[in-house]
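The shown structure was predicted, so the numbers you read here are calculated from the model rather than taken from an experiment.
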Amino acid sequence: MTKEILKYLLLFLILVVAQVIVFNHLCLFNVAVPLVFIYFIIKLPVNLPVNWALTFSFLIGLTVDIFSNTQGMNALACTILAAVRIPVLRLYFPREDDMTNPEPSLRTLGPGVYMKYLISTVAVYCALFFFIEAFTFYNWTLMLMRILASTLLTFIILLAFDSLTAKSR
(Lines give C-alpha, C1' and ligand atoms only; values in the text may rest on other atoms or scores of the structure.)
Protein backbone atom coordinates (compact mmCIF):
# COMPACT_ATOMS: atom_id res chain seq x y z
CA MET A 1 0.00 0.00 0.00
CA THR A 2 2.81 2.39 0.91
CA LYS A 3 4.51 1.55 -2.38
CA GLU A 4 1.39 2.62 -4.30
CA ILE A 5 1.09 5.87 -2.35
CA LEU A 6 4.74 6.69 -3.05
CA LYS A 7 4.26 5.85 -6.73
CA TYR A 8 1.32 8.26 -7.06
CA LEU A 9 3.09 10.95 -5.02
CA LEU A 10 6.13 10.69 -7.29
CA LEU A 11 3.89 10.78 -10.38
CA PHE A 12 2.15 13.87 -8.97
CA LEU A 13 5.44 15.68 -8.40
CA ILE A 14 6.99 14.72 -11.75
CA LEU A 15 3.93 15.75 -13.74
CA VAL A 16 3.52 19.08 -11.95
CA VAL A 17 7.21 19.94 -12.38
CA ALA A 18 7.16 18.86 -16.04
CA GLN A 19 3.99 20.87 -16.73
CA VAL A 20 5.22 24.02 -15.00
CA ILE A 21 8.81 24.00 -16.25
CA VAL A 22 8.52 22.46 -19.72
CA PHE A 23 5.01 22.07 -21.10
CA ASN A 24 3.60 25.46 -20.05
CA HIS A 25 6.19 27.08 -22.30
CA LEU A 26 5.29 25.01 -25.37
CA CYS A 27 2.66 26.36 -27.70
CA LEU A 28 2.51 24.99 -31.23
CA PHE A 29 1.24 27.44 -33.88
CA ASN A 30 -0.19 29.58 -31.07
CA VAL A 31 -3.05 27.11 -30.56
CA ALA A 32 -1.83 23.74 -29.20
CA VAL A 33 -0.78 23.59 -25.55
CA PRO A 34 0.15 20.20 -24.04
CA LEU A 35 -1.64 19.65 -20.73
CA VAL A 36 0.19 16.53 -19.56
CA PHE A 37 -0.45 16.79 -15.81
CA ILE A 38 -3.95 15.32 -16.29
CA TYR A 39 -2.20 11.97 -16.79
CA PHE A 40 -2.27 11.74 -12.98
CA ILE A 41 -6.08 11.91 -12.95
CA ILE A 42 -6.39 9.47 -15.85
CA LYS A 43 -4.14 6.94 -14.09
CA LEU A 44 -5.97 7.02 -10.74
CA PRO A 45 -7.34 3.56 -9.88
CA VAL A 46 -11.00 2.98 -10.72
CA ASN A 47 -11.63 1.51 -7.25
CA LEU A 48 -10.47 4.74 -5.56
CA PRO A 49 -13.41 6.38 -3.77
CA VAL A 50 -14.85 9.37 -5.64
CA ASN A 51 -14.15 11.76 -2.74
CA TRP A 52 -10.45 10.92 -2.84
CA ALA A 53 -10.30 11.21 -6.63
CA LEU A 54 -11.97 14.64 -6.48
CA THR A 55 -9.60 15.77 -3.73
CA PHE A 56 -6.44 14.60 -5.52
CA SER A 57 -7.62 16.09 -8.79
CA PHE A 58 -8.40 19.41 -7.16
CA LEU A 59 -4.98 19.43 -5.50
CA ILE A 60 -3.07 18.78 -8.72
CA GLY A 61 -5.11 21.41 -10.53
CA LEU A 62 -4.57 23.91 -7.73
CA THR A 63 -0.83 23.19 -7.65
CA VAL A 64 -0.52 23.81 -11.38
CA ASP A 65 -2.68 26.95 -11.00
CA ILE A 66 -0.40 28.33 -8.30
CA PHE A 67 2.74 27.87 -10.39
CA SER A 68 1.12 28.88 -13.69
CA ASN A 69 -0.89 31.86 -12.43
CA THR A 70 -4.14 30.62 -13.98
CA GLN A 71 -6.55 31.63 -11.16
CA GLY A 72 -8.24 28.29 -10.50
CA MET A 73 -9.02 27.26 -14.09
CA ASN A 74 -7.07 24.01 -13.81
CA ALA A 75 -8.51 23.21 -10.37
CA LEU A 76 -12.08 23.54 -11.65
CA ALA A 77 -11.44 21.59 -14.85
CA CYS A 78 -9.52 18.84 -13.00
CA THR A 79 -12.29 18.44 -10.42
CA ILE A 80 -14.91 18.07 -13.15
CA LEU A 81 -12.66 15.63 -15.02
CA ALA A 82 -12.34 13.49 -11.88
CA ALA A 83 -16.13 13.42 -11.58
CA VAL A 84 -16.66 12.23 -15.17
CA ARG A 85 -13.70 9.85 -15.63
CA ILE A 86 -15.50 6.72 -14.34
CA PRO A 87 -18.67 7.32 -16.43
CA VAL A 88 -16.44 7.88 -19.48
CA LEU A 89 -14.58 4.64 -18.76
CA ARG A 90 -17.90 2.79 -18.42
CA LEU A 91 -18.85 3.92 -21.94
CA TYR A 92 -16.07 1.77 -23.35
CA PHE A 93 -15.45 -0.82 -20.63
CA PRO A 94 -18.74 -1.61 -18.87
CA ARG A 95 -17.38 -3.92 -16.17
CA GLU A 96 -14.50 -2.88 -13.94
CA ASP A 97 -14.55 -6.42 -12.52
CA ASP A 98 -12.90 -7.70 -15.72
CA MET A 99 -9.85 -5.48 -15.23
CA THR A 100 -6.74 -7.31 -14.05
CA ASN A 101 -5.42 -4.13 -12.43
CA PRO A 102 -7.62 -1.22 -11.25
CA GLU A 103 -5.27 1.33 -12.87
CA PRO A 104 -6.34 2.22 -16.43
CA SER A 105 -3.52 1.55 -18.90
CA LEU A 106 -2.80 0.08 -22.31
CA ARG A 107 -2.16 -3.30 -20.72
CA THR A 108 -5.20 -3.47 -18.43
CA LEU A 109 -7.81 -2.11 -20.83
CA GLY A 110 -6.34 -3.08 -24.16
CA PRO A 111 -5.18 -0.61 -26.80
CA GLY A 112 -8.58 0.13 -28.37
CA VAL A 113 -10.50 0.77 -25.16
CA TYR A 114 -7.64 2.68 -23.54
CA MET A 115 -7.15 4.96 -26.53
CA LYS A 116 -10.89 5.78 -26.60
CA TYR A 117 -10.86 6.43 -22.84
CA LEU A 118 -7.73 8.58 -23.14
CA ILE A 119 -8.94 10.69 -26.06
CA SER A 120 -12.34 11.19 -24.40
CA THR A 121 -10.94 12.32 -21.07
CA VAL A 122 -8.36 14.58 -22.71
CA ALA A 123 -11.06 16.12 -24.93
CA VAL A 124 -13.31 16.73 -21.92
CA TYR A 125 -10.49 18.38 -20.03
CA CYS A 126 -9.34 20.55 -22.94
CA ALA A 127 -12.91 21.65 -23.69
CA LEU A 128 -13.50 22.55 -20.04
CA PHE A 129 -10.19 24.35 -19.70
CA PHE A 130 -10.56 26.48 -22.81
CA PHE A 131 -14.25 27.25 -22.13
CA ILE A 132 -13.31 28.41 -18.64
CA GLU A 133 -10.37 30.40 -20.01
CA ALA A 134 -12.41 32.16 -22.69
CA PHE A 135 -15.68 32.37 -20.73
CA THR A 136 -17.28 33.58 -23.93
CA PHE A 137 -18.11 32.35 -27.40
CA TYR A 138 -16.84 35.53 -29.05
CA ASN A 139 -14.07 33.88 -31.08
CA TRP A 140 -15.43 30.35 -31.18
CA THR A 141 -13.33 29.25 -34.18
CA LEU A 142 -10.07 29.98 -32.36
CA MET A 143 -11.39 28.30 -29.22
CA LEU A 144 -12.43 25.21 -31.20
CA MET A 145 -9.03 25.08 -32.90
CA ARG A 146 -7.30 25.35 -29.50
CA ILE A 147 -9.46 22.56 -28.08
CA LEU A 148 -8.87 20.21 -31.00
CA ALA A 149 -5.14 20.94 -31.35
CA SER A 150 -4.46 20.71 -27.61
CA THR A 151 -6.49 17.51 -27.37
CA LEU A 152 -4.52 15.90 -30.17
CA LEU A 153 -1.12 17.04 -28.86
CA THR A 154 -1.89 16.03 -25.27
CA PHE A 155 -3.29 12.68 -26.44
CA ILE A 156 -0.12 11.87 -28.40
CA ILE A 157 2.17 12.84 -25.50
CA LEU A 158 0.13 10.89 -22.92
CA LEU A 159 -0.01 7.85 -25.18
CA ALA A 160 3.77 8.05 -25.48
CA PHE A 161 4.08 8.34 -21.68
CA ASP A 162 1.90 5.28 -21.21
CA SER A 163 3.78 3.30 -23.83
CA LEU A 164 7.10 4.12 -22.16
CA THR A 165 5.92 3.28 -18.66
CA ALA A 166 3.98 0.12 -19.53
CA LYS A 167 5.38 -3.01 -17.96
CA SER A 168 6.20 -5.79 -20.35
CA ARG A 169 4.28 -9.02 -19.89
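- Residues Val22 and Phe12 share a single hydrophobic cluster, defined by chaining ILVMFWY side chains whose heavy atoms lie under 4.5 Å apart.
- For the atom pair CG (Leu152) and CD1 (Ile119), the distance works out to 6.5 Å, reported to the nearest 0.5 Å.
- Looking only at atom types and distance, the side chain of Asp65 has no donor-acceptor partner in the side chain of Gln71 under 3.5 Å away.
- Between Leu10 and Leu6, the closest side-chain pair of non-hydrogen atoms is not below 4.5 Å.
- At a threshold of 4.5 Å between non-hydrogen side-chain atoms, the residues Ile42 and Tyr114 count as touching.
- Nearest heavy-atom pair, Gln19 versus Pro34, reported as atom, atom and distance to 0.1 Å: NE2-O, 3.2 Å.
- Under the 4.5 Å side-chain contact rule for hydrophobic residues, Ile66 and Leu76 do not share a cluster.
- Across all their heavy atoms, Leu81 and Leu128 have their closest contact at N-CD1, 4.5 Å.
- Thr154 places no side-chain N or O within donor-acceptor distance of the main-chain N or O of Thr151, the cut-off being under 3.5 Å.
- Taking all atoms of both residues into account, the shortest heavy-atom contact from Leu44 to Arg85 is O-NH1, 3.1 Å.
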Please step through side chain to side chain contact (heavy atoms under 4.5 Å, CB included) for the pair Phe37 and Cys78, ending with a clear verdict. CA-CA 10 Å; Phe37 69 96; Cys78 285; 3.4 Å; yes
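- The two residues Ile132 and Met73 make their nearest non-hydrogen contact at CG2-CG, 3.6 Å.
- Phe23 is not listed as a side-chain neighbour of Leu35, based on a closest heavy-atom distance of 4.5 Å or more.
- Residue Phe67 places its CZ atom among 12 or fewer non-hydrogen atoms of other residues, nucleotides or ligands, all under 6.0 Å distant.
- Connection of Leu158 to Ile156 is established within a shared hydrophobic cluster, with ILVMFWY side chains joined at heavy-atom distances below 4.5 Å, either directly or through further cluster members.
- Cluster membership for Val36 and Ile21, using ILVMFWY side-chain heavy atoms within less than 4.5 angstrom, is shared.
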Steps toward side chain to side chain contact (heavy atoms under 4.5 Å, CB included) verdict (Tyr39, Leu11): CA-CA 9 Å; Tyr39 186 67; Leu11 182 65; 4.2 Å; yes
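- Side chain of Tyr8 to backbone of Lys43: a donor-acceptor contact under 3.5 angstrom is found.
- Distance check, rounded to the nearest 0.5 Å: CG of Asp162 to CG of Leu118 gives 7.5 Å.
- The residue from Thr70, Leu15, Val16 that alone fulfils the side chain to side chain contact (heavy atoms under 4.5 Å, CB included) condition with Val64 is Val16.
- Phe130 CZ to Arg146 CZ: the interatomic distance, rounded to the nearest 0.5 Å, is 4.5 Å.
- Residue Val122 is tested with Ile157, Leu159, Ile38 for a side chain to side chain contact (heavy atoms under 4.5 Å, CB included); the sole match is Ile38.
- Between Phe129 and Tyr125, the angle of the ring planes stays under 30°, which puts this pair in the parallel group of the 30/60° scheme.
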Below 3.5 Å, can you tabulate the donor-acceptor pairs from side chains in residues 47-63 to any protein atom, sequence neighbours excluded?
unit_1: Thr55; atom_1: OG1; unit_2: Asn51; atom_2: O; d: 2.7
unit_1: Ser57; atom_1: OG; unit_2: Ala53; atom_2: O; d: 2.7
unit_1: Thr63; atom_1: OG1; unit_2: Leu59; atom_2: O; d: 2.6

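- Thr108 and Ser105 make their closest contact through OG1-N, 3.0 Å (heavy atoms, listed as atom of the first residue, atom of the second, distance).
- Nearest heavy-atom pair, Met115 versus Phe155, reported as atom, atom and distance to 0.1 Å: O-CE1, 3.7 Å.
- Within the model, atoms OG1 of Thr121 and NZ of Lys116 stand 14.0 Å from one another, a figure rounded to the nearest 0.5 Å.
- To the nearest 0.5 angstrom, Lys7 atom NZ is 3.5 Å from Glu103 atom CD.
- The shortest side-chain heavy-atom distance between Thr141 and Met145 does not fall under the 4.5 Å cut-off.
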